[in-house]
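In what follows, a structure is listed as structure tokens, so that the remarks can point back to it.
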Amino acid sequence: MNQSLYIHNSLTRRKELFEPLNPPHVGVYVCGPTVYGDAHLGHARPAITFDLLFRYLTHIGYKVRYVRNITDVGHLENDADEGEDKIEKKARLEQLEPMEVVQYFTNRYHHNMEQLNVLPPSIEPRASGHIIEQIELIKKILEAGYAYESNGSVYFSLDKYAKSYPYGELSGRVLDEQAIQTRNLDGQDEKRFPLDFALWKKAAPEHIMHWPSPWSEGFPGWHLECTAMSTKYLGDTFDIHGGGMDLLFPHHECEIAQSTASLGHESVRYWMHNNMITINGQKMGKSLGNFITLNEFFDGSHQLLEKAYTPMAVRFFILQAHYRSTVDFSNEALQASEKGLQRLMSGIHLLQKLQPSEKSTVNIDDMEQKCYQAMNDDLNSPMVIAHLFDGLRIINLVNDGKETIAEVDLQQLKKTYHHFVFDVLGLKDEKQTNKQTELINGLMNHILQMRMQAKANKDFVTSDSIRHMLNELGIEVKDRKDGFDWSIQD
RNA sequence: GGUUUCUUGGCCGAGUGGCUAGGCAGAGGUCUGCAAAACCUUGUACGGCGGUUCGAAUCCGCCAGAAACCUCCA
């Protein structure tokens, strides 16, 4: 709070002090999913990364407008300008309306996000709902002279653009001089220059999704939607644009070109990119066929999974790595996260029961500070988690009576855990408390009190038979020095 | 081939020019009628070879290996 947030800007490749354009307002745009299939573990990464950003910015007092789009048109299968639209293909295969496909997978995506405790964005625009804005944007680029019409389609003129503005800064790519000067020998091609990308495509007769435009009945290019929608909702210049690293090129490079060509300046002040999730060292991706959907994680149905993993275990697993590192999936790593999370949560339960003393023998003053420092250092969630585990030791030592904590420190400790575990990291306690569980808790309390009584009377036959009976029901009983714990076995 | 990046202890995974990351597993201990759990303690690692430096795992160079992007993919 009293320090400044630094974030890594992909454009400059260094950490920069984050200074919003119009404080306390912050505008964030993140590339969302193309909804033609279930979300997999890879989709969880940007969702959680930018959820962390959203939560943290909000926590430190900014008013954040978080825009995350749904791509429901224009994302073609092949290179930027060829092949079938992904949504259409799915619709054709399933004999559904394209919008049925979109709605179905959007609903499922939302459900997965809710399970992962990913907050909904402030605005979730769809590409198909912004055709007019995209057409207007194309007009502007045409007026500026950086696009041309060809047989009903409109292409971005990259060679011309590259002569006026630097191109390739984000991805570190340089347009090859020779490639620019070489005429494309293929006369059939509508493009003047091979790297030109489509802004508008004339629809083939069998194409289902198409809209009228000044150039043809057709549909917008994929890169266009993000430029049109981000500037519509966040302004011609806005603070943060995020997405997966695989979108750096060409998608985000094209976005920069589009907004610069139409406005004369770049729109985005800070670019942030999350790294990939790998499986056996290789990117988890649809084209590689090695992805595991979130639903499969949650029910354990994928053959690579040894068991089901809860949404919070998946979230914690992702947060235990820094967002710009690759993270390799394995059952071992996930189970380690699962156990660590359980320990963290039981520590937090314990924290609520701690009794304050006259004075503290523990120093927790700097723990809160360290957590903020870690977050301020480019959202270093693994470091925050490490500090939270350090704090667990304090909690346990106080609980064991080996250390004491004063009321004021106890309150601060509780506040710190609440802020970072629940508000910022967005973890939640998966043991739900509803009427049913309250009832069970009450019953268990009575039963185990009776068992305690039996134990106190050295009536171990009774106490063991109660424990045995509960075990039969799948309830594990753990004796403690001054009481008991119990848990329902999975 | 080009662009970008990575290589840390049994596994995962932070970080830094000199001071213990953390988690999981393992080991020892405490507690305990038994059991289980829990808790406490414990690890001195940084791909190889050079260089800069009083000092580098951290900076530079070379080598080896890996990945992502260069076609759609978060």
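So you know, we letter chains A, B, ... as the sequences are listed, proteins then strands, and number each from 1. Model, not experiment: these values are computed from the prediction.
The closest side-chain donor-acceptor pair between A:T49 and A:D51, if any, does not fall under 3.5 angstrom. For the residue pair A:N331 / A:Y309, a side-chain donor-acceptor distance below 3.5 Å is found, with atom types taken as modelled. With 3.5 Å as the limit, one finds a donor-acceptor pair spanning the side chains of A:H241 and A:E255. Looking at A:S150 and A:E190, their side chains never bring a donor and an acceptor atom within 3.5 Å of each other. Neither side chain, A:N290 nor A:Q282, offers a donor N or O lying under 3.5 Å from an acceptor on the other. A:E266 and A:W271 form a side-chain donor-acceptor contact under 3.5 Å, judged by distance and modelled atom types alone. No hydrogens or angles considered: nothing links the side chains of A:D328 and A:T326 as a donor-acceptor pair under 3.5 Å. If you check the side chains of A:Q115 and A:N112, you find a donor sitting under 3.5 Å from an acceptor. Defined by atom type and a distance below 3.5 Å, a donor-acceptor pair is present between the side-chain atoms of A:Y56 and A:N376. Inspection of the A:S381 and A:Q320 side chains reveals no N or O donor paired with an N or O acceptor under 3.5 Å. Side-chain atoms of A:N107 and A:Q103 include a donor-acceptor pair closer than 3.5 Å. In the model, A:E16 has a side-chain atom that pairs as donor or acceptor with a side-chain atom of A:T12 under 3.5 Å. In summary, the side chains of A:S128 and A:D72 do present a donor paired with an acceptor at a separation below 3.5 Å, with no hydrogens or angles considered. Between the side chains of A:H349 and A:D429, at least one donor-acceptor pair of N or O atoms lies under 3.5 Å.
Surrounding NE2 of A:H302 are more than 12 heavy atoms belonging to other residues, nucleotides or ligands, all under 6.0 Å away.
Between B:G48 and B:G65, the two C1' atoms lie 11 Å apart (nearest whole Å). A distance of about 16 Å separates the P atoms of B:G43 and B:C24, rounded to the whole Å. Nucleotides B:G50 and B:G13 place their P atoms 30 Å apart, quoted to the nearest Å. Comparing B:A21 with B:G9, their C1' atoms sit 13 Å apart, to the nearest whole Å. Rounded to whole Å, the separation between the P atoms of B:A68 and B:C60 comes to 25 Å. Separation of the C1' atoms belonging to B:A37 and B:U44 is 31 Å when rounded to the nearest angstrom. Across B:A14 and B:C46, the matching C1' atoms stand 12 Å from one another, rounded to whole Å. B:C49 and B:A56 are spaced 14 Å apart, taking the P atom of each and rounding to whole Å.
For the pair A:L350 and A:C31, both in contact range of RNA chain B, the more 5′-proximal nearest nucleotide belongs to A:L350. Looking at which nucleotide of RNA chain B each of A:Y36 and A:V327 is closest to, the 5′-most match is held by A:V327.
No contact: A:H387 has no heavy atom under 4.0 Å from any strand. Residue-level contact check: A:K339 touches the backbone only, with heavy atoms under 4.0 Å from sugar-phosphate atoms and none from bases. A:G42 comes within 4.0 angstrom of a nucleotide base, judged by non-hydrogen atoms across all strands. Residue contacts for A:L247: at a heavy-atom cut-off of 4.0 Å it reaches the sugar-phosphate backbone alone, with no base atom in range. Counting any heavy atom pair closer than 4.0 Å across all strands shown, A:K458 reaches no nucleic acid atom. Nucleic acid contact for A:F460: base, since at least one base atom lies under 4.0 Å from a heavy atom of the residue. Within the 4.0 angstrom heavy-atom criterion, base atoms lie near A:M276.
Between A:N396 and the phosphate of B:C40, there is a side-chain N or O to OP1/OP2 separation shorter than 4.0 Å. Between A:R343 and the phosphate of B:G23, there is a side-chain N or O to OP1/OP2 separation shorter than 4.0 Å.
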RNA chain B in dot-bracket form (Watson-Crick or G-U pairs under 3.5 Å, [ ] crossing, | inter-strand) is (((((((..(((.....[...))).(((((.......)))))....(((((..]....))))))))))))....
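Computed from coordinates, the A:F317 CZ to B:C24 P distance equals 15 Å when rounded to whole Å. The separation between A:K455 atom NZ and B:A36 atom C1' is 11 Å, rounded to whole Å. Rounded to whole Å, atom C1' of B:G13 lies 14 Å from atom CD1 of A:I277. Atom CZ in A:R393 sits about 9 Å away from atom C1' in B:C40, given to the nearest Å. Atom CG of A:L397 and atom C1' of B:U30 are 13 Å apart (whole Å). Atom P of nucleotide B:U5 and atom NZ of A:K283 are separated by 18 Å, given to the nearest angstrom. Counting to the nearest Å, the P atom of B:G13 and the CG atom of A:L341 are 17 Å from each other. Residue A:D400 contributes atom CG, which lies 13 Å from atom C1' of B:U41 at whole-angstrom precision.
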Please enumerate all protein N or O atoms sitting under 3.5 Å from an N or O of nucleotides 59-61 of chain B, with distances to 0.1 Å.
none

Short N/O separations, protein against nucleotides 64-66 of chain B, under 3.5 angstrom:
none

Dump every N/O contact between nucleotides 14-17 of chain B and the protein below 3.5 Å, one line per pair.
{"unit_1": "B:A14", "atom_1": "OP1", "unit_2": "A:H322", "atom_2": "N", "d": "2.8"}
{"unit_1": "B:A14", "atom_1": "OP1", "unit_2": "A:S325", "atom_2": "OG", "d": "2.9"}
{"unit_1": "B:A14", "atom_1": "O3'", "unit_2": "A:N380", "atom_2": "ND2", "d": "3.4"}
{"unit_1": "B:G15", "atom_1": "OP1", "unit_2": "A:N380", "atom_2": "ND2", "d": "3.1"}

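In this structure, A:Y155 OH and A:K191 NZ are separated by 6.5 Å, a value rounded to the nearest 0.5 Å.
Residues from residues 328-336 of chain A with heavy atoms under 4.0 angstrom of RNA chain B, sorted by number: A:D328, A:E332, A:A333, A:A336.
Donor-acceptor pairing under 3.5 Å, judged by distance alone, is absent between the side chain of A:R467 and the base of B:A36.
Taking the six-membered ring for Trp and thresholds of 30 and 60 degrees, A:H40 and A:F291 have ring planes inclined between 30 and 60 degrees apart.
Applying the salt bridge (Lys or Arg N to Asp or Glu O under 4.0 Å) criterion to A:E253, with sequence neighbours excluded, gives no partner residue.
Residues A:M245 and A:H273 share a closest heavy-atom pair of CG-CB, 3.7 Å.
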